[in-house]
Structure formats: C-alpha cells, structure tokens
Amino acid sequence: MATQKLIQSFTKTRITNPNSVYYKQIASNISKTLIKSGLEPFKTTPSLLSNLNSSITRLVIEDTSLPPQSCLNFFNFLRTSPSLFSHRPDLQAHVTLACRLYDARKFAEMKNVLNFIVTDANLRCSIENLVSLVENGSQKLKLVEKFCDMLFRVYADNRLFTDAIRVFDYMEKSLLKIDERSCIVFLIALKKCDNMDMCFGFFQRMIDADVEITVYSLTLVINGLCRREEVKRAKDLMGEMFVKGIKPNVVTYNTLLNGYIKRKDIGGVNEMLSLMERDEVAYNAATYTLLIEWYGSTGRMSEVEKLFDEMLERGVEADVHVYTSVISWNCRVGNMKRAFSLIDELTEKGLVPNSHTYGALIDGVCKIGEMGAAEMLLKDMQSRGVNAIMEKKGFEPDVFTYNTIASGLCKLKRYAEAKRWLFTMIERGLAPNVVNFTTLIDICCKEGKLEEAKWLLEEMKIKGARPNAVTYNSLIHGYSNKKKMKEVHQLRSEMEAMGMMPDVYTYTSLIHGECVFGKVDEAMKLFNEMKQKGLIPNVVTYTSIISGLSKDGRSDEAFRLYDEMIEAGLTPDERVFTSLVGGLHTARS
DNA sequence: GTAGGGTTAG
C-alpha cells in the first residue's frame, strides 16, 4: 500500500547529520512512493513524518522525474493534513510548484496554487519578492510573464485591488506583455464592487501602458459609465477610441442606446441609430428589444409590432428577451389575444418564458379581470422559479427573484402575502435594496397605510438604500389617491431637492391627484408644464387629464386632447374611451 | 471577456 511505503521512506532513513545527501535520499524515496501510488491520495501519521523539512519538500516538488500531478498531490497532502501543520509548504514550494504546473500546461491548478499564496497571510509578499523566487531557466521571461499575468487575475478575483495594481505596475516597469483579457477580469471585479472610479482610471492606465485595447474592455467601461448615468462621458470615450481605430460593435451601440433610452433622451437615441447606420452595424435581438422598449414606452404600439416583424424579416433570431418585451407591451395595452399567441410562438420555438414573461402576462390578465388566470400563472411562475434555483444548485433565491414574486402577488392585490415574501427575504439575511424597499412602500401605499410607507422611506435612508424617483412616485401616488395634496407637494419638493426630476409617472400622479381633488385647472397647468420640460405624455397621462376635464363638463377640451393624443401616434385603449363617454354623459345631464 | 433583469401612474 502506498501509504505504508511512504511511511517507511521516512523511517528507514535516519537523519543523524542533516546533510543534503540524506535529504536527497529521503526525497527520492518519497518520489518513488508517489510514482507508485499514482494519483491515489494517501494518508499517514504525524510522528512518522517528523524527519520532513522544507528542503526535502522542495526537492520532491522540483524532482523532474515526478509527474506534476504527483507533486500537486504531495503538496496538497502536506497542506491539508492538520497534523502536518509545521510541514506546510513554504513560499518557495508554492512558487516552484506553480511554475512546474505552468510547464505542464495545467493552468487551473497553477491558479489554485497562486490563490493559496494570495489568501494566506503568512505567504503574501511583494511581487518583486515572488518573482525572485521563480527559478532561472531558458524560458524564464515567458514564465515570469505568465506568472505575473495569472497572479494579477488571482488578486482581482480576491478583490485585492491594490495588490493587483502593484503587479500591473511591475509588469509595465519590466516591459512584460500585459494581456487585455486579464485586465478585463480586473475591470469586471471592480465593476461588481461598484468601484467605477477605479475602473475608469484603470482603463486609462491600460491605454497609457499600451495594452492592446479591444472593443470588449471598451464596452465594459462604457457600460459602467452608462449605469452611473454618465452617458455623455461614455459616448465621448467611444469617440476617442474610434479615432484610435477601435471600432464599436453592436454591443457597444446597444449599451449606449440603452443609456439614452433609460434617460429618455430622444436626441441620443437617434444619434446612436444613425451612427449604427454609418458604421453598418446590423441590429441584433438585443437592439430590437431596446427599440421595442423605446417605442413601447412612448406609447407607439404599431411601431412595436412593426419592429418585431422587421426583425423576423431580416432573419435576426428572436430570443426570450425580445418576445417578452413585445408580449409586455401587448399586455399593457390589453391585447391579451396577441400576447398569448406570442407565448405559443415562443414555446414552439423552444424558448422558455422567464419571470418577466410571467410578470407581463399576470399584469395583463389582471387588467382584464381574469384573476383566476393570474393565479395559475403565478403558481406556474413560482414553481419554475424554484426550478431555476435548483438548477443553480445550492443558490438561495436572490433579491431579484423575491421581488418578482412579490410584484406578481401585488398585481393580484395580495398585498399581505407580497409583504411576507419580502420580509422573509430580509429574515434570511439578504439586504433589501432600493427596489425591494420601493416595492414595500408601494404595497403600503396601495393598502392605504401611508404612515407605514413614510416610515419605510426613513428606514431605507437609514439603511443606506437611496430612494429613487420610483420610490417618490409611489408615495406621491399614494398620497394623491387620499387627496392629501399638501403632502404630495412636499414629496415633490423633497425629490427635487434630492436631485431627482419629476418624470412622466410623477406628473401623471400629480395630474390625477389634482383632478380628483377637483382642481382641473391646476391639473392642466401641470400637463402643460410637463410638456414644456420635454416630457412626453403617454396614454395614462392623457386618460387622467381627459377624465378630469370630462367629469368637469369640459368635453370640448377633452376631445381636443384626444385628437392631440392620436396625432402624437399614441394607441388609445378602453379607458380613454370610457373617460370620454363619461364626459358626454356629464355634459348632457 | 462586452449589451437586453426585479419596483411606479389612468
């Protein structure tokens, strides 16, 4: 048995006088045992390994007659046996083994060994020190290059950013070639930590250090900037790099397009589209998803369907995202027949609906009062959600999943259950983010529990989740419904003071609030004000103001706005007509 | 190794 032989190799050779000849003999005995044992792991007792020391360990690891995998086995054996604590491999053993693994092209294993160095407080040291431990050989430069490159990645993975930068500095100083792909690993790690300043700064350093920049790292940084709402800066960066010969691709353009769409910047959207045309960058499914979102959010349903047709005609393969967005917009205008036919089409193509798809459908069937159907869809979604979690093995549902389920329940007006899901999430130790808090606040508002909603707003500020425009919109809507206009205006001032501009949702709630409060003139003032600010009223906004005017007996004005709405290319729905008809009734009586 | 996630209004 291998273990027995290994023990013998220590006991046979008695070390009376520490001498390299004896060490070599012990090392060679260990090597022989390891070769015989193959890949089989082995165990031993601590007392019998008392002759072991770092020189012997090194001799074994350096033994070229020993396959690297056997070295690794021995190394891990020494590392993980608690009784061999004093014989754990030293820094030199780590470096030597890492280099041997590199020679053997065992990169994943090499990375693992470097990870031990980086995460062990007793082994961590400067890059200069580490490099000095790399043995001389014919391929030394190449070896050091690869060693540094991988170390850089390992530091990034462990979020040891300062150490990673030191490696980068060293590589630059030593004129070692720096791989852009490793830099991307670093950039992604920074982005995950929301450290965009460092991310942007590092990208500049990459340029200065003459790292070969491709569209991948460029797009990554552009995305980071767009998320921070620095779309202008992102676009300028694209321009700068274009001059240097780095051509943006469809992903780059999609990223910027998304940035402008989120900001509802018409000029920006058009500029990106014309640049895509100039560069002959063809739209892909993601581009269509974004454009459908853009047209849908401005109420142009016919354009949504036109785009979808265009996509299929051009042979761009539809995916679940683009289907979901077309389904979602059909649901929003109450065209459930079309929505379900799209679902059939989607499943026929072998695509699987996701939580958004379900969310859109639930929203749609609730609108037409089919609560039974909504229940079924929710159940279906929950079970699929569980499956999705099972697939990821060992992963708990994340804040996204909890929110999706809670919002599904909200649409069914099952507020208590929705809240329970979110509180369960908090109990399980997940930190609620802005969206979770906003959903909770929205639920409270819908339940009419305004005090609780207000308390949650303060609570989220304390917990460091910064309320956004959606949060304020939910509260403004809640207070509007209760005709508490004084608080409504206070909330509007507060959101503006925090640097958030009222958007279409805010104005629609304000207009609706003033209308039900009986101040239609005030509502009209707001309606004009929003247009002056460049905000585009949508069907909901028009319905609110048309309904207010109608109920006030001002049918002429209501019809005038209806025409205006059609002219703007908006698709009217049931509720607009109801408001107008209600107005005629009021006028006659 | 880069893009389209979950929250708001009639």
Side-chain angles (χ1 to χ4, degrees), chain A residues 153 179-188 191 214-224 226-227 248-259 261-262 284-294 319-322 324-325 354-359 367 385 397-408 410-411 418 422 432-443 445-446 467-478 480-481 502-513 515-516 537-548 573-576 578-579:
Chain A
R153 286 175 182 238
D179 190 341
E180 189 217 17
R181 287 171 298 186
S182 306
C183 295
I184 288 177
V185 170
F186 186 57
L187 290 171
I188 291 172
K191 212 171 112 189
T214 70
V215 70
Y216 287 104
S217 53
L218 172 66
T219 305
L220 194 143
V221 175
I222 285 180
N223 180 249
C226 286
R227 278 204 202 155
N249 64 13
V250 65
V251 181
T252 322
Y253 279 120
N254 285 348
T255 307
L256 277 162
L257 203 54
N258 185 36
I261 287 173
K262 290 268 153 68
N284 65 10
T287 322
Y288 281 105
T289 310
L290 290 165
L291 288 176
I292 285 169
E293 176 69 22
W294 168 245
D319 61 12
V320 67
H321 295 287
V322 71
T324 300
S325 90
N354 62 24
S355 55
H356 296 139
T357 328
Y358 280 104
K367 260 191 173 158
D398 59 9
V399 288
F400 281 77
T401 314
Y402 277 107
N403 218 74
T404 306
I405 293 172
S407 72
C410 265
K411 282 165 189 157
L422 290 170
N433 64 16
V434 202
V435 180
N436 300 131
F437 269 117
T438 303
T439 306
L440 272 174
I441 286 172
D442 188 50
I443 294 168
C445 287
K446 288 189 168 118
N468 61 20
V470 181
T471 321
Y472 279 100
N473 288 345
S474 295
L475 281 158
I476 287 173
H477 178 239
S480 289
N481 273 346
D503 59 15
V504 179
Y505 283 86
T506 324
Y507 273 106
T508 305
S509 292
L510 289 172
I511 290 165
H512 178 68
C515 284
V516 291
N538 58 28
V539 179
V540 186
T541 324
Y542 275 105
T543 310
S544 297
I545 190 72
I546 287 173
S547 158
D573 62 15
E574 206 63 13
R575 296 169 81 159
V576 188
T578 313
S579 299

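Here is the naming used below: chain letters follow the sequence lines, and residue numbers restart at 1 for every chain. Values reported hereafter were calculated over all heavy atoms of this structure, with side chains retained and with hydrogens, waters and symmetry mates removed.
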*asked:* In whole Å, I'd like the distance from the CG atom of A:Leu291 to the C1' atom of B:dA3.
replied: 13 Å
*How many Å lie between CG on A:Asn468 and P on B:dT8, as a whole number?*
12 Å
*If only side-chain N and O atoms of A:Ser407 are considered, is one of them under 4.0 Å from the OP1 or OP2 phosphate oxygen of B:dT7?*
yes
_Looking at B:dT7, I'd like to know if its phosphate oxygens (OP1 or OP2) sit under 4.0 Å from a side-chain N or O belonging to A:Lys446._
no
*Return the set of residues passing side-chain contact (heavy atoms from CB on, under 4.5 Å) with A:Asn258 (not counting sequence neighbours), or none when no residue passes.*
A:Lys262, A:Leu290
*To the nearest Å, give me how far apart CG (A:Leu290) and C1' (B:dA3) are.*
7 Å
*Would you say the side chain of A:Asn354 and the base of B:dG5 hold a donor-acceptor pair, judged only by whether the two atoms sit under 3.5 Å apart?*
no
*Out of A:Thr439, A:Thr438, A:Asn433, which one pairs with A:Asn403 under the side-chain hydrogen bond (donor to acceptor under 3.5 Å, both in side chains) rule?*
A:Thr439
*Compare side-chain N and O positions of A:Lys191 against OP1 and OP2 of B:dA3 and report whether any pair is under 4.0 Å apart.*
yes
*Who passes side-chain contact (heavy atoms from CB on, under 4.5 Å) against A:Asp503, sequence neighbours left out?*
A:Ala469, A:Asn473, A:Tyr505, A:Thr506
_Base of B:dG4, side chain of A:Glu293 - is there a donor-acceptor contact under 3.5 Å?_
no
_Does a side-chain N or O of A:Lys262 approach OP1 or OP2 of B:dA3 to a distance below 4.0 Å, or not?_
no
*Determine if A:Tyr216 stacks with B:dT2; use a centre-to-centre distance below 5.5 Å and an interplanar angle below 30° as the criteria.*
no
*State whether the distance check finds a donor on one side and an acceptor on the other, under 3.5 Å, for side chain A:Asn538 versus base B:dG10.*
no
*Is there a donor on the side chain of A:Asn284 or the base of B:dG4 sitting less than 3.5 Å from an acceptor on the other?*
no
*Can you find a side chain N or O atom of A:Asn403 that sits less than 4.0 Å from OP1 or OP2 on B:dT7?*
no
*Does A:His321 put a side-chain nitrogen or oxygen below 4.0 Å from OP1 or OP2 of B:dA3?*
no
*Does the base of B:dG10 carry an N or O that pairs as donor and acceptor with the side chain of A:Thr543 under 3.5 Å?*
yes
_Distance-only donor-acceptor test, A:Thr255 side-chain atoms vs B:dA3 base atoms, 3.5 Å_ = no
